[in-house]
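These figures come from a predicted structure and were not determined experimentally. In what follows, chains carry the letters A, B, and so on, assigned in the order in which the sequence lines appear, proteins first and then strands, with residues in each chain numbered from 1. Quick note: numbers below take in every heavy atom, side chains included, and nothing from hydrogens, waters or symmetry partners.
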There are 2 protein chains.
Amino acid sequence: MDRPRTHTHNIERLKAAGLRPTRQRLALAQLLFANGDRHVTAEQLHGEALEAKVPVSLATVYNTLHQFTESGLLREVVVEASRSYFDTNTGTHHHFFAADSGTLMDIPAGEITLGDLPLPPEGTRIDSVEVIIRVRRAPQTAG
Amino acid sequence: MDRPRTHTHNIERLKAAGLRPTRQRLALAQLLFANGDRHVTAEQLHGEALEAKVPVSLATVYNTLHQFTESGLLREVVVEASRSYFDTNTGTHHHFFAADSGTLMDIPAGEITLGDLPLPPEGTRIDSVEVIIRVRRAPQTAG
DNA sequence: GTGTTTGCAAAGTGTTTGCAATTTA
DNA sequence: TAAATTGCAAACACTTTGCAAACAC
């Protein structure tokens, strides 16, 4: 009972998304939404759930991440061919990605100015625009 | 002998990259670089090679794509969590991506204006900046 | 000849799926 | 109780790897 507000909030959140607030989904929502914006992989979240003494199967974590994404609670970010990242920030924004460490960092939309966009190919319309700035450990500031 | 120039060119290209111009690598280079900019997946390229009566194993296609990428002959584009795309255009540019059809299209760097970029996180430096514009089949121009 | 490259088939990774048991409403 | 959800384990797609045979120089 030490965080009734967040708990209640998450129940609302799930209900609003049309998802039954099950023990597993609530626990995952807790991990995802309790502390601000996060970027997680399925494995990561699964690990955290187990640490938090919430036994959830990896399959359920995957299912839940996808359900959350479909409901607009999460956004999927594709930066690595191998892993999928899920971002709790669903608004328009961009990312720094450090392949070294597998770390994603948000860049608020306002920090990048995009001029006019080119017209999309015939018969299509723009769905989203994302800027990915790949960074690497700086060897040294100077030689 | 119907395209000695391209053939020779590709031999040079491979040698310059420090790769032995083997039958397989030459054939793949032919498919990749003969007709302007391309975006291919390993499976696609493998299929094309077989069609062109050049028996290459999928493993070799993967190896070759990676060797080409390491040598700077190709660039890898990450837009889908499942597949890897390889782009023969290694210069700075951006992409339209139609998830529907799995189609990637180049956007010349000049067609997108990026204002000042935010400072990269402490201890890192910017490696690349890419804009991905996701598009979808337009339902209709108007309702 | 000698070292590189190929190709097969097996192994690996992250992810998805089928289905019985469990849980929610 | 009916319908949704879970979890296991098996199945999956894509990719990588080990090693003997084939090839390039």
query = Would you say B:H46's side chain and B:V56's backbone share a donor-acceptor pair under 3.5 angstrom?
reply = yes
ask   = Taking B:T88 for the side chain and B:R38 for the main chain, is one N or O donor matched with an acceptor at less than 3.5 Å?
value = yes
Interatomic distance where NE2 belongs to B:H46 and P belongs to D:dA13 [whole Å] = 17 Å
remark   = A:K15 atom NZ is separated from D:dA4 atom P, nearest whole Å, by 17 Å
key: Distance-only polar pair, side chains of A:H93 and A:D87, donor-acceptor under 3.5 Å   = yes
ask   = Is there a donor-acceptor contact under 3.5 Å from the side chain of A:R137 to the main chain of A:A98?
value = no
key: OP1 or OP2 of D:dC14 under 4.0 Å from side-chain N/O of A:S82   = no
Cationic N near anionic O, under 4.0 Å, A:E130 to B:R134 = yes
5' precedence on DNA chain D between B:Y85 and B:R23 (nearest-nucleotide basis) = B:Y85
Residue pair B:L104 / B:F96, side-chain heavy-atom distance below 4.5 Å = no
query = Rounded to whole angstrom units, what separation is found between the CG atom of A:L14 and the P atom of C:dT24?
reply = 13 Å
ask   = Would you call the rings of B:Y62 and B:H66 parallel, tilted or perpendicular, where under 30° means parallel and over 60° means perpendicular?
value = tilted
query = Which one, C:dG3, D:dA4, C:dT6, comes nearest to the side chain of A:R25?
reply = D:dA4
ask   = Is the backbone N or O of B:L65 less than 3.5 Å from a side-chain atom of B:T69, with the two atoms forming a donor-acceptor pair by type?
value = yes
Interatomic distance, A:L50 CG vs D:dG7 C1' [rounded to whole Å] = 13 Å
task = Using a cut-off of strictly less than 4.0 Å, decide whether A:S84 has a side-chain nitrogen or oxygen near OP1 or OP2 of C:dG14.
result = no
key: Lys/Arg cation over aromatic B:F86: B:R75, 6.0 Å, 45° cone   = no
query = Of all of residues 54-69 of chain A, which get a heavy atom below 4.0 angstrom from DNA chain D, listed by number?
reply = A:P55, A:V56, A:S57, A:A59, A:T60
ask   = B:Q24 side chain N/O closer than 4.0 Å to the phosphate oxygens (OP1, OP2) of D:dA22?
value = no
task = Measure the distance from CZ on A:R83 to P on C:dT16 and round it to the nearest whole Å.
result = 15 Å
inquiry  = Tell me the interatomic distance from B:E80, atom CD, to C:dT16, atom P, rounded to whole angstroms.
reply    = 13 Å
note = For DNA chain D, the expected dot-bracket line (Watson-Crick or G-U under 3.5 Å, [ ] crossing, | inter-strand) is |||||||||||||||||||||||||
inquiry  = What I want to check is whether an N or O donor and acceptor connect the side chain of A:R20 with the base of C:dT24 at under 3.5 Å.
reply    = yes
